[in-house]
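Since the structure comes first, as structure tokens, the remarks are kept for the end.
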Amino acid sequence: MKKCKKCNTVQNDSRSVCVECGAVLGRPMTEDEEYEVKVSLGEKLDDLAEQSDDFYVPIKDRIIGVLCIIGGIASLILTILSNKADISNAARSGFISIIFLIFACIMLLLPKFIWTISTLRYRIFYDWDTSPSPFFLTIEKVTAYIMFGIGIFEMIYGYFLFF
């Protein structure tokens, strides 16, 4: 195998000119270099296969899921402090925030669980097993983002009432 020095395209040894950019190719790669290219290509293919899964959780959703967990903890602290200080509106706001953030976290980080629960009756009674439609996945994401927004708003509002 040969690797173009100009565009890094990997090609077979029979080529003398790069098929991508037209540059003249140099010497063939060593066995160690070929092994590194194959491992790198295998990792990239694994990543692409994982991302094509219906239930793949992108990094953005993972970050928002972690923010949901942090917000839920902050809301729990708000609820506890508000109950001790006898500020019922702030405690109610903190509790609502906890509920919304927990559901948003589950929807964002565990989409396969949501799909399984949504289709449970079909799986039990009709032996039905299929993949979700793009519409279902889109609505699930939009709902999770809205729940995240409401949860964060309620948490901020609760802290505003508390202080």
Side-chain angles (χ1 to χ4, degrees), residues 3-10 20-21 32-124 126 128-163:
K3 187 173 186 180
C4 179
K5 293 184 183 191
K6 187 175 180 184
C7 67
N8 291 327
T9 303
V10 178
E20 287 291 320
C21 67
D32 290 338
E33 290 173 331
E34 278 189 43
Y35 177 75
E36 288 177 17
V37 167
K38 287 179 182 178
V39 167
S40 173
L41 183 60
E43 290 173 357
K44 287 178 184 177
L45 289 175
D46 287 343
D47 287 344
L48 287 175
E50 182 181 320
Q51 289 177 8
S52 68
D53 182 21
D54 288 332
F55 303 112
Y56 173 73
V57 180
I59 189 73
K60 174 182 71 169
D61 290 350
R62 292 177 190 181
I63 291 170
I64 294 174
V66 170
L67 290 176
C68 286
I69 293 169
I70 293 169
I73 292 169
S75 297
L76 181 64
I77 292 169
L78 169 67
T79 304
I80 292 169
L81 292 176
S82 299
N83 280 333
K84 286 184 179 181
D86 200 27
I87 305 173
S88 61
N89 287 341
R92 180 182 45 82
S93 185
F95 182 72
I96 291 171
S97 176
I98 291 170
I99 298 299
F100 275 92
L101 290 173
I102 286 173
F103 280 113
C105 182
I106 291 170
M107 292 178 76
L108 289 169
L109 297 179
L110 304 170
K112 190 169 188 172
F113 174 74
I114 296 297
W115 174 250
T116 303
I117 296 299
S118 299
T119 60
L120 190 60
R121 70 176 174 190
Y122 299 113
R123 293 170 188 270
I124 292 172
Y126 305 114
W128 177 72
D129 190 19
T130 186
S131 60
S133 67
F135 179 74
F136 175 85
L137 295 172
T138 303
I139 292 301
E140 181 186 358
K141 292 284 183 191
V142 169
T143 304
Y145 294 150
I146 290 171
M147 291 178 83
F148 172 72
I150 292 171
I152 294 298
F153 173 78
E154 283 291 330
M155 181 188 67
I156 292 170
Y157 180 67
Y159 273 105
F160 175 75
L161 290 175
F162 184 75
F163 293 111

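Note that the numbering runs from 1 along the sequence shown for the chain. These values consider heavy atoms only, across backbone and side chains, with no hydrogens, waters or symmetry-generated copies.
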Which atom pair, heavy atoms only, marks the closest approach of Cys105 to Ile69?
-> SG-CG1, 3.7 Å
Walk me through it: do Ser97 and Leu78 pass the test side chain to side chain contact (heavy atoms under 4.5 Å, CB included)?
-> CA-CA 10 Å; Ser97 176; Leu78 169 67; over 6 Å; no
How would you list, by chain and number, every residue that makes a side-chain hydrogen bond (donor to acceptor under 3.5 Å, both in side chains) with Thr119, sequence neighbours excluded?
-> Arg123
Euclidean distance, Ile87 CD1 relative to Thr79 OG1, rounded to 0.5 Å = 11.5 Å
What do the steps show when you test Lys44 against Ser40 for side chain to side chain contact (heavy atoms under 4.5 Å, CB included), and what is the final call?
-> CA-CA 6 Å; Lys44 287 178 184 177; Ser40 173; 3.8 Å; yes
Pick out which of Val66, Ile64, Leu67 makes a side chain to side chain contact (heavy atoms under 4.5 Å, CB included) with Leu108.
-> Ile64
Calculate, to the nearest 0.5 Å, the distance between atoms CD1 and CG belonging to Ile117 and Leu120 respectively.
-> 6.0 Å
Just list the side-chain donor-acceptor pairs under 3.5 Å for residues 151-163, sequence neighbours left out, or say none.
unit_1	atom_1	unit_2	atom_2	d
Glu154	OE1	Ser93	OG	2.8
Tyr159	OH	Ala74	O	2.7

Can you name the residues that form a salt bridge (charged side-chain N to carboxylate O under 4.0 Å, His left out) with Glu33, not counting sequence neighbours?
-> Arg27
Distance (rounded to the nearest 0.5 Å) between Ile98 CD1 and Ile73 CD1 = 10.5 Å
What's the spacing between Ile150 CD1 and Ile146 CD1 if we round to 0.5 Å?
-> 7.0 Å
What is the minimum heavy-atom distance between Ala91 and Ser82, and which atoms define it?
-> N-CB, 3.4 Å
Between Asp54 and Pro132, what is the shortest heavy-atom contact and its length?
-> OD2-CD, 3.7 Å
Closest non-hydrogen contact found for Tyr56 with Arg62 is CE1-NH2, 4.2 Å
Looking only at non-hydrogen atoms, find the nearest pair between Val57 and Pro111 and report the distance.
-> CG2-CD, 3.7 Å
Does CZ in Phe103 sit with more than 12 non-hydrogen atoms of other residues, nucleotides or ligands closer than 6.0 Å?
-> no
In this structure, CG of Leu101 is separated from CG of Leu76 (nearest 0.5 Å) by 11.5 Å
Phe148 CZ: over 12 foreign heavy atoms closer than 6.0 Å | yes
Could you pull out all residues at least two apart from Cys4 that satisfy side-chain contact (heavy atoms from CB on, under 4.5 Å)?
-> Lys6, Cys7, Gln11, Cys18, Cys21, Ala23, Leu25
Under the ring-ring contact (aromatic ring centres under 6.0 Å, His included) test, residues paired with Tyr35 that sit two or more places apart | none
Any side chain to side chain donor-acceptor pair (under 3.5 Å) pairs touching residues 138-150, not counting sequence neighbours?
-> Lys60-Tyr145, Asp61-Lys141, Asp61-Tyr145
Separation between CZ (Phe113) and OG (Ser118), nearest 0.5 Å, reads 9.5 Å
Relative to the ring of Phe55, is the ring of Trp115 parallel (under 30°), tilted (30 to 60°) or perpendicular (over 60°)?
-> tilted
